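Here the structure is laid out as structure tokens; the discussion comes afterwards.
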Amino acid sequence: MNQPVLILIKPDGLKKSLTGNILTRLSETKLEIVAAKMVRVSQDLAHNHYIHLKDKPFFGELIKYLRGELHDRRKVMALIYYGEDAINKCRQLAGATNPEEAESTSIRGSYGRITTAGVYENVIHVSSNPDEAEREIKLWFGPDEIIVDLFPTKNIEKTKKIAAWA
Ligand code: UDP
Ligand code: MG
């Protein structure tokens, strides 16, 4: 069954110039990229993304990590891959959460590390099941940023001021 999965190249992956390597590894899956962008991660977005871990002792440090506060710049690359068994294929390539336990040829096994503060800097995020993928995709992307129709949409009136080119 075709399914979408949210992939984040985390700040350590960007800082270490691993973007190309990671995208090359992911292209082995033959999945289609249906959305991609660079994101300046807000406190709210980071908090909501990792809400399931909010009671963990490392939560504060994890939020700082995702926001880029440990790596000079607040940026994450967010992508949606789409296709047959997308979640399993991408999780397989990513490897285990703990980079020291991840298979050495996996992305996390190759490039991840554990910080002295105890956070797993594991280079990449991959949604772990279809419900999580849907929740995360709706958090990181709007319907207009995705080139296929993944979930039902509605039209709303918006009168917010937005930045435009001067
Ligand atoms: N994490 C950590 N220590 C832990 C568990 C998780 O630092 O003991 C971090 C790690 O960066 C991980 C993220 O929190 O990728 C989210 O954890 P989750 O259990 O969802 O693992 P994932 O789905 O990323 O493999
Ligand atoms: Mg997870």
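What you are looking at is a predicted structure, and each value in this text was computed from that prediction instead of being measured. These numbers come from the heavy atoms of this one structure, side chains and all, not from hydrogens, waters or symmetry mates.
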For [X] versus [Y], what's the shortest heavy-atom pair and its separation?
X      : Y      : result
Asn122 : Arg108 : O-CG, 3.0 Å
Thr105 : Arg25  : O-NH1, 2.9 Å
Ser110 : Ser104 : OG-O, 3.2 Å
Val126 : Ile87  : CG1-O, 4.4 Å
Gly109 : Ala102 : N-CB, 3.6 Å
Trp140 : Ala78  : CE3-CB, 4.0 Å

If we ignore hydrogens and angles and just use 3.5 Å, is the side chain of [X] paired with the main-chain N or O of [Y] as donor and acceptor?
X      : Y      : result
Glu61  : Phe58  : no
Glu132 : Ser128 : yes
Lys89  : Glu84  : yes
Ser127 : Leu6   : yes

Check: Leu31 and Gln3 side chains under 4.5 Å, non-hydrogen atoms: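 No, too far: nothing below the 4.5 Å cut-off.
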Validation row: Ile137, Glu134 side chains within 4.5 angstrom (heavy atoms):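 Not touching, per the 4.5 Å side-chain cut-off.
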Donor-acceptor pair between Thr115 and Glu121 side chains, under 3.5 angstrom: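 No, no side-chain donor-acceptor pair sits under 3.5 Å.
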side-chain contact (heavy atoms from CB on, under 4.5 Å) evaluation trace for Val39 with Leu45: CA-CA 10 Å; Val39 184; Leu45 179 56; 4.0 Å; yes
Pair Leu14-His71, side-chain contact (heavy atoms from CB on, under 4.5 Å): steps then yes or no: CA-CA 9 Å; Leu14 296 172; His71 296 93; over 6 Å; no
Pairs touching residues 74-125 that satisfy ring-ring contact (aromatic ring centres under 6.0 Å, His included), sequence neighbours left out: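 Qualifying pairs, neighbours excluded: His49-His125.
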Is the number of heavy atoms from other residues, nucleotides or ligands under 6.0 Å of [X] [atom1] greater than 12?
X      : atom1 : answer
Lys64  : NZ    : no
Glu145 : CD    : yes
Lys37  : NZ    : yes

Steps toward side-chain contact (heavy atoms from CB on, under 4.5 Å) verdict (Ile33, Ile80): CA-CA 6 Å; Ile33 298 173; Ile80 303 171; over 6 Å; no
Show me the donor-acceptor pairs, under 3.5 Å and distance only, between side chains in residues 149-166 and residues at least two apart or in other chains.
none

Nearest-0.5 Å distance that lies between atom CG in Leu23 and atom CG in Leu79: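 Output value for this atom pair is 6.0 Å.
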Residues Ile124, Lys10; criterion side-chain contact (heavy atoms from CB on, under 4.5 Å); working and verdict: CA-CA 5 Å; Ile124 184 176; Lys10 294 178 172 182; 5.8 Å; no
